[in-house]
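Below is one structure, written out as structure tokens, with a few remarks after it.
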Number of protein chains: 2
Amino acid sequence: MSGKREADASSPQGSTSGVGRAPNQRADAQRNRARILAATVTALHKDPDASVADIAAEAGVGRMTLYGHFQNRPELIDAALAESIEQGEEVLRRVPLDGDAGEAFRRLVASSWTLVDQARNLLAAAQKELPASRIRDLHERAEARMRNLLIRGQREGTFRDDLPVTWMLTTTHVLMNGAAEEVRTGRVDAREAPVLIDAILTPAFDTTAPKGEPQ
Amino acid sequence: MSGKREADASSPQGSTSGVGRAPNQRADAQRNRARILAATVTALHKDPDASVADIAAEAGVGRMTLYGHFQNRPELIDAALAESIEQGEEVLRRVPLDGDAGEAFRRLVASSWTLVDQARNLLAAAQKELPASRIRDLHERAEARMRNLLIRGQREGTFRDDLPVTWMLTTTHVLMNGAAEEVRTGRVDAREAPVLIDAILTPAFDTTAPKGEPQ
DNA sequence: TGCATCTCGTACACCCGTGATCGAGATAGG
DNA sequence: CCTATCTCGATCACGGGTGTACGAGATGCA
């Protein structure tokens, strides 16, 4: 449903007219497209404002080949973000959300953090090139999943209900990004990050705050 | 002491040689310098990557006049950030830090948030143009103040001591920025922001978590 | 094998931001 | 009122990124 996006991102260098080429892509063309998308993520991971040339180089492909697949920079970023999020969705869908809301939330945050850590610079780039609405749309499913979980937790009394859900989402989001930044600068070990995030969020959100010794 | 910075930011357009002009600035030149600094903050507040031309326009001054006061973009950003932080210091110095560490911390956060809210885009710009070390230096006093308070709170048993202080600082920092962003997009009212920040930090940091009904 | 498809280098036009230079004119301040 | 100081427009060089045009050659695919 609504698969209107990226309609004709195919047909590299449509020699003469080359308007609406169907997905009759040659195998190597498809491979290159995938490599470019992957390269976009890794290139941006290294340098948040990598140029199109940088990305093409990272993909081991000529700049012109890249422009054959994506008309311009925004379109490239959009496609990369969409793919990245789609892959993330596949992971997050596997996270069991039933049972205790607090436990489920911690599981979801742990999985999400890894994804955020990988794609944060891509996201930063997207925020500069794409309209905010587009980014919101792309994140809709992931955000809804977490929001619903928080709401359920509030109803069941697991989470405090004196906080707006949007603020809880923002807090979670911002903490994950902060942790990613700390990892990047080497001040925090990557494996420790989820623990640190939990150490803040659990007492901040839970109604029963088991912080160690309750004294 | 150590007023080595901005040494010769004076002498606009040193006509011929114009090397080391002492602070014999004319009154209007000083005024313009101040206006430019202020304009840098407000221009960057509107658009995080405003150009030098934008800033000059915002100050109601010619671009060349600006270059008369600051040799290049980094120097301008540096000066603006330094001044902004200096003004912030004046505010923060007035915050009483004695008494209960938790209360003192909340006071400090409330004051800090206002400052962060005003200067966050300036900071973002600075992070792109200035070496990270320089930014660290500029923030040293403010960060040390908060760090010491956190450490004292840990020693006195007010704050948990199972969290690295750096992570507590990061959490605080990141939450303030997040709140500022929410205010900017209109999802949160500015007066409510400090309350929301506290609502997270207090239960997250305090050993005794008074979250309303403790069961 | 043969053709459509795809790759990709070179070269170019264009926009934007920075920073320097020149020089005329305004203005503060003694 | 006179001069050193300051403002600031016009203009240019430069660098870097984006996107387009051309076209030769490699390659998958049937």
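When reading the values below, keep in mind they use all heavy atoms of this one structure, side chains included, and skip hydrogens, waters and symmetry mates. Every chain is numbered from 1, with letters handed out A, B, ... down the list of sequences.
- Residue pairs meeting the ring-ring contact (aromatic ring centres under 6.0 Å, His included) criterion with at least one member in residues 159-202 of chain B, sequence neighbours excluded: B/Phe105-B/Phe159.
- Remark: P of C/dA20 and CG of B/Leu66 are 12 Å apart, rounded to the nearest angstrom.
- Here the P atom of nucleotide C/dG17 and the CZ atom of B/Phe70 are 20 Å apart, to the nearest Å.
- A salt bridge links B/Arg141 to B/Glu86: one of the charged nitrogens lies within less than 4.0 Å of a carboxylate oxygen.
- Taking atom CZ of A/Arg33 as the reference point, atom P of D/dG28 lies 20 Å away to the nearest angstrom.
- Ionic pairing of B/Arg147 and B/Glu140 is present here: one or more N-O contacts between side-chain nitrogen and carboxylate oxygen are shorter than 4.0 angstrom.
- For B/Asn72, counting side-chain heavy atoms from C-beta on, the closest listed nucleotide (C/dA11, C/dC8, C/dG19) is C/dG19.
- A/Ser84 places no side-chain N or O within donor-acceptor distance of the main-chain N or O of A/Ala80, the cut-off being under 3.5 Å.
- Below the 3.5 angstrom threshold, one finds a donor paired with an acceptor across the side chain of A/Arg63 and the base of D/dG19.
- In this structure, A/Arg35 atom CZ and C/dT7 atom P are separated by 10 Å, rounded to whole Å.
- Atom CG in B/Leu76 sits about 10 Å away from atom P in C/dG19, given to the nearest Å.
- The residues A/Lys46 and A/Asp54 are annotated as not salt-bridged, no charged nitrogen and carboxylate oxygen being separated by less than 4.0 angstrom.
- For the pair A/Arg31 CZ and C/dT5 C1', the computed distance is 14 Å after rounding to whole Å.
- Here A/Arg73 lies in heavy-atom contact (under 4.0 Å) with sugar-phosphate atoms only.
- Using a cutoff of 4.0 Å between basic side-chain nitrogens and carboxylate oxygens, A/Arg160 and A/Asp206 are not scored as salt-bridged.
- You'll find that the side chain of A/Thr65 is closest to C/dC8, out of C/dC8, D/dC8, D/dG19.
- Comparing atom distances between the A/Met64 side chain and each of C/dT7, D/dA21, C/dA20 picks out D/dA21 as nearest.
- Ionic pairing of A/Arg187 and A/Glu181 is not present here: no N-O contact between side-chain nitrogen and carboxylate oxygen is shorter than 4.0 angstrom.
- Dashed line: the shortest gap from a side-chain N or O of A/Asn32 to OP1 or OP2 of C/dT7 is under 4.0 Å.
- The separation between B/Glu75 atom CD and C/dA20 atom P is 11 Å, rounded to whole Å.
- For B/His69, no side-chain nitrogen or oxygen approaches OP1 or OP2 of D/dC6 to under 4.0 Å.
- For B/Tyr67 and C/dG23, the OH to C1' distance is 20 Å, given to the nearest whole Å.
- Applying a 4.0 Å cut-off to non-hydrogen atoms, none of the residues of residues 122-133 of chain A approaches DNA chain C.
- Within residues 43-55 of chain A, the residues that place at least one heavy atom under 4.0 Å from DNA chain D are, in residue-number order, A/Ser51, A/Val52.
- Panel note: side chain B/Asn148, backbone B/Ala144; a donor-acceptor pair is recorded below 3.5 Å.
- Between A/Lys128 and A/Asp49 there is a salt bridge, with a side-chain nitrogen of the basic residue lying less than 4.0 Å from a carboxylate oxygen of the acidic one.
- Checked for salt-bridge contact, A/Arg134 and A/Glu129 miss the test: no charged N lies under 4.0 Å from a carboxylate O.
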